[in-house]
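Counting starts at 1 for both ligands and their atoms, in listed order. Computed over heavy atoms, backbone and side chain alike; hydrogens, waters and symmetry mates excluded.
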Amino acid sequence: LGPTVCVGEILVEIVATTVGDGFLEAQPLVGPFASGAPAIFISQCGRLGGKAAMVGAVGDDDFGRVNTDRLKRDGVDVSAISIDPDYPTGSAFVRYRKDGSRDFVYNIATSAAARFGWSQTVGDLIDRSGHLHVMGSALSVPSAREVIDKAVDIVKARGGTLSVDPNIRKELKLDGDTERRFSKLVAMADLLLPSGEELERAAGVEGEAEAIRRLFEIGVKEVVLKRGADGATYFGGQGDRIDAPAFVVQEVDPTGAGDCFGGAYLTCRRLGMSQQQALTYASAAGARNVTVLGPMEGAGTRRELDAFIASTERRP
Ligand code: ADP
């Protein structure tokens with residue numbers, strides 16, 4: 001079984017330590033934290049002992065090294081992360097509002113994160129990978145989209161598998177070409193990992209049951225729906241369903257929960273665990289990550305998740 005490969009943006013995140021509206025006044029910040037949804041996902045895969053590799057780019061700067069050092073420590077193969085000599089590592093500044101919503105300032109479009117492409121090293125990695133994970137949001141980045149298109153075709157043609165996290169807000173209108181790519185990607189997914197309303201967005205129909213039915217009709221094999229503090233549900237193609245209750249935790253920073261959940265679920269399945277067991281580890285990974293400040297600072301190892309599961313209550 002070749003490694004799980006994730007393609008997409010690598011960023012640092014810098015977080016305001018006070019709650020309020022935006023960044024118009026000087027205020028205390030913490031970071032840089034390693035981030036980018038695909039990087040969080042692959043970090044969690046590596047931490048759990050899965051074979052994992054990342055395709056993306058960072059600048060030749062400390063923000064880039066924060067990420068590559070972190071992923072290396074997690075056991076992720078970083079050989080296909082290119083170092084852009086001309087553009088800085090992408091970054092995102094985030095501040096939480098009282099109601100839990102967030103204000104962002106992004107530096108991504110003109111960063112290394114938006115400029116990586118296909119290379120011999122990427123091709124070699126994709127040629128030996130067993131599973132590809134893609135985030136829908138990466139389809140808006142032209143360079144990432146080219147890599148994803150090629151990688152999906154190669155991995156699927158070799159009998160490898162694909163997981164997709166739609167990672168796209170329900171209201172977001174994509175241009176015609178991106179929408180077609182998104183629909184194609186969803187239909188090719190062996191595992192779809194939507195959260196909340198992304199389920200209906202990915203299926204293109206209203207209502208949970210309708211959306212699930214539609215997704216199996218177009219060829220998706222498994223769906224795991226993430227419901228935040230309300231837990232998660234596995235849906236299989238034969239009408240089977242498993243509800244996974246959430247663990248009861250004090251939420252400090254919700255960023256990264258879904259990516260840790262997805263990385264853990266996929267890795268556990270690839271390591272041979274049942275859906276039920278994988279859901280337990282995934283729910284623990286998501287819940288544990290929200291208890292710590294920083295997008296992937298709470299991603300757990302097998303041992304840390306075992307300890308978390310043993311000591312944390314689940315919602316009834
Ligand atoms: P996303 O980050 O993609 O929106 P969710 O917020 O649904 O994903 O989180 C993914 C999973 O992480 C949930 O299904 C749940 O198992 C766990 N999780 C997230 N937030 C909490 C929370 N506040 N308490 C307990 N578990 C949580």
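The aromatic rings of F23 and F93 lie perpendicular to each other, with more than 60° between the two planes, well past the 30° mark.
Here the side chain of R70 pairs no donor or acceptor atom with the backbone of S35 at under 3.5 angstrom. When atom types are taken as modelled, the side chain of R314 and the backbone of P245 share no donor-acceptor pair closer than 3.5 angstrom.
A heavy-atom cutoff of 4.0 Å around ligand 1 is satisfied by the protein residues S195, K226, R227, G228, A229, G231, A232, A246, F247, V249, E251, A257, G258, F261, S283, G286, A287, V290.
Sorted by first and then second residue, the salt bridge (charged side-chain N to carboxylate O under 4.0 Å, His left out) pairs with a member in residues 256-284 read E222-R269; sequence neighbours excluded.
Looking at residues two or more places apart in sequence or on another chain, you find a side chain to side chain contact (heavy atoms under 4.5 Å, CB included) between F216 and I212, V223, F235. Every residue two or more places apart in sequence or in another chain that forms a side chain to side chain contact (heavy atoms under 4.5 Å, CB included) with S111 is listed here: I108, A113.
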